[in-house]
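Counting convention: from 1, in listed order, for ligands and their atoms alike.
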Amino acid sequence: MKITGNTRTLGIFGDPVEHTLSPAIHNAAFEALGLDLVYLPFRVSPEALKGAVESVRALEMPGVSVTIPHKEKVIEYLDEVDDLSKAIGAVNTIVNKGGRLKGYNTDALGYLLSLKEETGFVPKGKTIIVIGAGGAARAIAYSFIKGEAKSVIIANRTLPRAKILADEFNGCASAVTLDGVGGFMKGADIIINTTSLGMMGEGELNIPVEALPAHAVVSDIVYRPLDTQLIKKARLLGLKAHTGLGMLVQQGIIAFELWTGLKAPAEVMQKAALAALGIK
Ligand code: ATR
């Protein structure tokens, strides 16, 4: 990578940030297209967030990504946010247009796009089970409801949290406990894990996927490892499996296109993500 007097800087604000794969994905894309841009990780504590956002204007950065724990809080420091991030209440991408900062949520859009691309799944008229009720669950549940899903069942360890999320969707969503999700599997078209269960060093998600109908999709947003126990179990059962790689790469593709106005080199970005995960 060549840094010149004209190189512009982008990056990701998060805390912790050292496990992010975004620098590998975006720098590979910049290099492939010969763009004089560089993308860096910035560890930004909650107290420093306001100043960090101000620096995007001061340093004339084309934009930044935002990750845990800042996706919600960052909204108050922006000039505007698009309708999707407003509805979800979270931003993961900031675009700087001449000093005006606009927030977007490319997670939700990236998730649905990759799901459709890899499995052909479209939400319209479908019954969806979302495992988890945190920020990722909110973005994904929202995108399914926007896609006219018939019903979204939110299954969470802590039932009141699932209820709070389900209540946001005016009767299109319901809440169940994680332990009680088994009874809903038979009627589901897709199940999505949005929790950290299945991630390296975390516990496993034990749900009876064998009770799903044969056409169902099993989707996991965890990408370390790519083939979680849940994904392996789905494949063994002959169900369609959708790993966390798709969302990771697609949200990056959408962000790249927002920042540069160019078509993203999707294959390069996917390869870079796999290499960063240690998969050839
Ligand atoms: P994110 O913004 O990444 O979605 P989050 O807001 O912290 O993260 O939400 C994490 C989700 O994973 C929650 O639904 C959480 O369940 P609780 O609401 O009961 O805490 C779920 N989760 C995390 N660890 C879990 C575990 N060991 N067992 C079951 N659910 C777990």
K.L.:
Please name all residues satisfying side-chain hydrogen bond (donor to acceptor under 3.5 Å, both in side chains) with His70, sequence neighbours left out, ordered by chain then number.
P.N.:
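His70 satisfies side-chain hydrogen bond (donor to acceptor under 3.5 Å, both in side chains) with no other residue.
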K.L.:
Would the number of heavy atoms belonging to other residues, nucleotides or ligands and lying under 6.0 Å from CZ of Arg57 be above 12?
P.N.:
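Yes.
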K.L.:
Could you measure the distance from the CG atom of Leu101 to the CD atom of Glu54? Nearest 0.5 Å is fine.
P.N.:
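With rounding to 0.5 Å, CG (Leu101) is 8.0 Å from CD (Glu54).
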K.L.:
Can you tell if the side chain of Val176 reaches within under 4.5 Å of the side chain of Phe184, non-hydrogen atoms only?
P.N.:
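Yes, close enough: below the 4.5 Å cut-off.
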K.L.:
Ile131 and side chain to side chain contact (heavy atoms under 4.5 Å, CB included): which partner among Asp220, Ile192, Ile191, Thr194?
P.N.:
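Result for side chain to side chain contact (heavy atoms under 4.5 Å, CB included) with Ile131: Ile191.
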K.L.:
Set out, in order, the CA-CA distance, both residues' side-chain angles and the distance that settles ring-ring contact (aromatic ring centres under 6.0 Å, His included) for His242 and Tyr111, then state yes or no.
P.N.:
CA-CA 10 Å; His242 174 242; Tyr111 176 77; 5.5 Å; yes
K.L.:
Kindly tell me which protein residues have any non-hydrogen atom under 4.0 angstrom away from an atom of ligand 1, grouped by chain and ordered by number?
P.N.:
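Within the 4.0 Å shell of ligand 1, which is judged on heavy atoms, sit Gly132, Ala133, Gly134, Gly135, Ala136, Asn156, Arg157, Thr158, Arg161, Leu178, Thr195, Ser196, Leu197.
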